[in-house]
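Working notes for the structure below.
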Number of protein chains: 2
Amino acid sequence: MPGRKAKGAPWWQGRFRGYGYRMTVPREAIVGVLSETSKHLSAEDIFLEVHKVYPSIGLTTIYRTLELLVQMGLVFKFDFGDKRARYELAEGPKGKRHHHHLVCIGCDTVIDYTDFIDEEIELLGQTEKGLSKKFNFKITNHLIQFYGLCKRCQNKK
Amino acid sequence: MPGRKAKGAPWWQGRFRGYGYRMTVPREAIVGVLSETSKHLSAEDIFLEVHKVYPSIGLTTIYRTLELLVQMGLVFKFDFGDKRARYELAEGPKGKRHHHHLVCIGCDTVIDYTDFIDEEIELLGQTEKGLSKKFNFKITNHLIQFYGLCKRCQNKK
DNA sequence: ATGAAAATGAAAACCATTATCAATAAAGAT
DNA sequence: ATCTTTATTGATAATGGTTTTCATTTTCAT
Ligand SMILES: [Mn+2]
Ligand SMILES: [Mn+2]
Ligand SMILES: [Zn+2]
Ligand SMILES: [Zn+2]
């Protein structure tokens with residue numbers, strides 16, 4: 001099992017350095033938290049989690065670091081309709097993991113899905129091409145979210 | 001030209017009454033503003049517009065009425081990434097006009113498009129069906145936005 | 001016209017996010 | 001290991017869109 005617990009420098013350190021940023025304890029901790037969850041955390045969520053291990057790290061730093069991470073393309077920032085921004089690691093050591101979301105309007109649960117991406121990619125590509133031509137609009141990104149009721153919430157009176 | 005300037009009760013009054021809400025001057029004015037634009041107005045935009053005719057109507061009422069309208073399904077509320085919510089009439093007398101958006105990250109312009117390309121329709125149907133089955137998720141709505149550069153912003157410097 | 005209930009406006013409160021700024025810590029040079 | 005530069009941090013205050021509060025006004029069925 002190569003490298004499994006080797007404790008070498010985490011893969012993202014090079015990313016920071018590449019951008020000319022310093023590697024710090026708070027940054028390490030924040031990316032650490034994000035890399036250990038599949039949830040869509042708010043700044044405060046992350047703050048609370050980081051706080052357990054480093055009580056001295058402030059919420060301001062969480063916000064600042066998240067902005068950096070978004071700028072670097074390491075983190076996605078989403079708005080699911082509750083008032084807070086939600087953050088999620090954009091990629092792991094294995095590469096990108098672009099995906100779309102199912103948002104339950106009953107319990108605010110967010111489901112990631114990558115399953116249908118493959119079939120979607122083809123159609124998405126064509127859609128984007130068509131729009132680009134029709135409106136002379138250079139598409140760089142897209143946001144696709146489906147809203148509805150999750151299994152649990154469908155069975156609630 | 002049947003009914004063109006007939007000045008009969010606007011079509012949305014019945015909607016308010018149907019929900020048990022009263023018809024008031026501010027509500028009339030707010031829907032009026034929304035029905036005369038194709039832009040995506042913020043609460044303040046609407047306030048300013050209404051203010052020209054009814055200087056006594058306050059911003060609070062704008063917010064309250066917009067929330068009502070969204071609840072009634074008469075108005076869509078969007079978040080395009082600037083900090084303010086944007087509102088847009090969901091339908092006219094002729095029915096729904098569901099559409100998607102192209103958002104320019106250069107000038108914040110938002111382009112509506114309703115003439116979905118075949119690929120997009122297929123993409124949506126296929127995706128929604130697959131997702132519903134796989135996750136047992138009842139999809140009721142979707143949000144699709146493409147981000148990029150509009151024609152003008154592509155030709156800047 | 002009357003009166004109960006709904007709706008409004010002014011002001012204060014909310015609250016996620018940002019800006020400020022003095023203190024601290026990272027990293028290259030010595 | 002120490003020094004030096006300067007990015008980074010944390011406490012605090014400020015911001016700004018949106019909500020709450022509550023006394024006053026308006027709607028509309030009677
Ligand atoms: Mn996700
Ligand atoms: Mn629109
Ligand atoms: Zn749910
Ligand atoms: Zn533009």
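In what follows, every chain begins at residue 1, and chains take the letters A, B, ... in the order their sequences are listed.
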Do A/His142 and B/His100 have their ring centres less than 6.0 Å from each other?
-> no

Would you say C/dT17 has OP1 or OP2 under 4.0 Å from some side-chain N or O of A/Lys83?
-> no

Taking only Lys NZ, Arg NE, NH1 and NH2, and the carboxylate oxygens of Asp or Glu, determine whether A/Asp45 and A/Lys39 approach each other closer than 4.0 Å.
-> no

Spacing of B/Ile30 atom CD1 relative to C/dA7 atom P, expressed in whole Å = 13 Å

So, with a heavy-atom separation below 4.0 Å from DNA chain C, the residues of residues 37-71 of chain B are B/Ser56, B/Ile57, B/Gly58, B/Thr60, B/Thr61, B/Arg64

Give the nucleotide from the list D/dT8, D/dT19, C/dA7 with an atom nearest to the side chain of B/Lys77.
-> D/dT19

Charged N-O contact under 4.0 Å between A/Asp79 and A/Lys83 | no

Here the distance between atom P of C/dT8 and atom CD of B/Glu28, to the nearest Å, is 12 Å

In Watson-Crick or G-U wobble terms, with both distances under 3.5 Å, the base opposite D/dA1 is C/dT30

Could you work out which one of C/dA16, D/dT8, D/dT27 sits closest to the side chain of B/Arg22?
-> D/dT27

Starting at the 5' end of DNA chain D, which residue's closest nucleotide do you reach first, B/Ala85 or B/Pro26?
-> B/Ala85

Integer-rounded Å distance: D/dA7 C1' and A/Tyr19 OH = 18 Å

Could you pull out every donor-acceptor pair under 3.5 Å between side chains of residues 13-21 of chain A and any protein atom, sequence neighbours left out?
unit_1  : atom_1 : unit_2  : atom_2 : d
A/Gln13 : NE2    : A/Glu28 : OE1    : 2.9
A/Arg15 : NH2    : A/Glu91 : OE1    : 3.1
A/Tyr19 : OH     : A/Met72 : O      : 3.4

Which word best sums up how the rings of A/Tyr113 and A/Phe146 line up, parallel for under 30°, tilted for 30 to 60°, or perpendicular for over 60°?
-> tilted

What is the ring orientation for A/Phe78 with A/Phe80, classed by angle as parallel under 30°, tilted 30 to 60°, or perpendicular over 60°?
-> parallel

Among the nucleotides D/dT18, C/dA27, C/dA26, whichever has the atom closest to the side chain of A/Arg17 is C/dA27

Look only at the side chain of B/Gln154 and the backbone of B/Leu149, and say whether a donor-acceptor pair between them is shorter than 3.5 Å.
-> yes

Atom CG of A/Asp79 to atom P of D/dG17: distance rounded to whole Å?
-> 16 Å

Check the distance between D/dT9's C1' and A/Met23's CE and give it to me in whole angstrom.
-> 14 Å

Could you state the atom-to-atom distance from OH of A/Tyr21 to C1' of C/dA25 in whole Å?
-> 18 Å

Provide, to the nearest angstrom, the distance between the CZ atom belonging to A/Phe16 and the P atom belonging to C/dA26.
-> 14 Å

